[in-house]
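For reference, the structure is listed below as structure tokens.
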Amino acid sequence: MRILAIESSCDETSVAVLSDKRQVLNLEFSLVNSQIKEHSKYGGVVPEVAARLHVPNLVKMLAEVNEKYAWKDFDYIAVTAGPGLITSLMIGAESAKIIAHLLNRPLVIVNHLTAHLNSVLINKPLSAVKFPALGLIVSGGHTELLYLSRLHEYKVLGKTRDDAVGEAYDKVAKLLGLAYPGGPIVSKRAIGVDKDYYDFPRPMYDSPNFDFSFSGLKTAILYKTQEYTKLTPKVVDRICYAFQEAVLDVLQHKIKRALKKYPEVKSLIVAGGVSANQRLREVFQEKFGDLELHFPELQFCGDNAAMIAADAYLQIKFQNKAQILSGASDLSRLRPNPNWEINKSIWRR
Ligand code: KG4
Ligand code: ZN
């Protein structure tokens, strides 16, 4: 089976080809274009700019696919149908619809969030993760903790009530006068600081649930910056460190709480843009070394079409008919859902 996948939910355009060889998800081809340069001058993603850029990017990428493959080689076309920015999603979805229609192949619609979790399966056998597992999605748009009883079976335990972790990194970076995206820069600035100089709040640390909140932490940092007439590099480094430690404290505390409730858990999957964070990986290794820990390869932490293909593979394997569209009437019905939640129908808005 060979799948051609498209991702365009935010500011990355990506195309990938994945095939299965004895149940190993073999990534054959992958292109990712990050629009960081175009958005950084605005200090964040501008939806209109992102959507406009997806068009020429996708045309170029599909031309490369055309050079390498015969279109009839693809058994399925897959595309991210939500959550994300609606105009960005529409570029990918409409392109995928046309390809599926012309080739007369089924179109697999993929939820971007489950795809982040399944990014740990790229180039791995399906047996790579032991279940039950906990899944933590930490990206620019989402922070969710999940229980996975087995492959492709998700139960959402908790979510952020306001900012996502990556969003908090990006906003704190902005407050400190650092560039976009803030995550990699803030984490770099934190390296070398020897202790926590500021005791920032750990929002919802003691709340008896698995939800998160990061906007209060961001506000605490705003107030801290206002105490200084000038932010010296040393102060910036120390704030970055203290912010990151507060975030990691909350994340690992909620995971520990979940492990108490679900002691049968064997593995922990951490995925999404923030899972590239080296300090997060260190802390989680230290705290959860008894579990099987699964992080995506660094190149698959951010948005990419390879994870969309991996997720599509599972939809096909488990015959999730609700996400496999075929025929012109099915295809024409598809509208991406910018707020598509895990386990909910894409049609529910
Ligand atoms: O998964 P992703 O590429 O896009 C979304 O689906 O949102 O995540 C992007 C987010 C950004 O907020 C970025 O600042 C953050 O991931 N990020 C990081 C790191 N690398 C990217 N955050 C913390 N540490 C990093 N090393
Ligand atoms: Zn993402």
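All of these numbers come straight from a predicted model, not from anything done at the bench. The analysis underlying the following values was restricted to heavy atoms, covering all of them including side chains, and did not include hydrogens, waters or symmetry mates. Atoms within a ligand are numbered from 1 in the order they appear, just like the ligands themselves.
In this structure, the protein non-hydrogen atom closest to atom 11 (C) of ligand 1 is D170 OD2, 3.6 Å. Remark: minimum distance from atom 7 (O) of ligand 1 to any protein heavy atom is reached at G140 N, 2.8 Å.
On a distance-only criterion, Y169 and ligand 1 share no N/O pair closer than 3.5 Å.
A salt bridge is absent between E28 and K68; no separation between the charged side-chain nitrogens and carboxylate oxygens falls under 4.0 Å. Checked for salt-bridge contact, E245 and R279 meet the test: a charged N lies under 4.0 Å from a carboxylate O. Using a 4.0 Å cut-off between charged side-chain N and carboxylate O, K171 and E167 make a salt bridge.
Of all the atoms in ligand 1, the ones that sit under 4.0 Å from a non-hydrogen atom of P181 are 14 (O). Interface of G166 with ligand 1, defined as ligand atoms under 4.0 Å from a residue heavy atom, comprises 12 (O). Taking every heavy atom of G302 and a limit of under 4.0 angstrom, the matching atoms of ligand 1 come to 3 (O).
Distances from the Zn ion (ligand 2) to the N/O/S atoms of H112 are shortest for NE2. Between the Zn ion (ligand 2) and the N, O or S atoms of D303, the shortest distance is to OD1.
Between G141 and ligand 1 there is a heavy-atom distance shorter than 4.0 Å. The shortest separation from a heavy atom of H112 to ligand 1 is under 4.0 Å, placing the residue in contact. At least one heavy atom of H116 sits less than 4.0 Å from an atom of ligand 1.
For atom 21 (C) of ligand 1, the nearest non-hydrogen atom from the set S9, G183, A271, G273 comes from G273. With V186, I185, N277 as candidates, the residue nearest to atom 26 (N) of ligand 1 on a non-hydrogen basis is N277. The residue from V274, L280, D303 that puts a heavy atom closest to atom 15 (C) of ligand 1 is V274.
The Zn ion (ligand 2) has no N, O or S atom of H142 closer than 2.8 Å. Residue side and main chain included, C10 places no N/O/S atom under 2.8 Å of the Zn ion (ligand 2).
The aromatic ring centres of Y147 and Y154 sit 6.0 Å or more apart.
Residue H253 qualifies as enclosed at atom NE2: its count of foreign heavy atoms under 6.0 Å is above 12.
Within the 4.5 Å cutoff, the side chain of L58 has heavy atoms near those of the L62 side chain.
Between the side chains of S9 and E7, at least one donor N or O lies within less than 3.5 Å of an accepting N or O.
Between W71 and F74, the ring planes are perpendicular. Angles over 60° get that label, and only those under 30° would be called parallel.
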side-chain hydrogen bond (donor to acceptor under 3.5 Å, both in side chains) for K224 and T219? Distances and angles first, verdict last. CA-CA 9 Å; K224 183 55 69 185; T219 309; over 6 Å; no

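By the rule that hydrophobic residues join a cluster once side-chain heavy atoms approach within less than 4.5 Å of another member, F300 and F284 end up as members of separate clusters.
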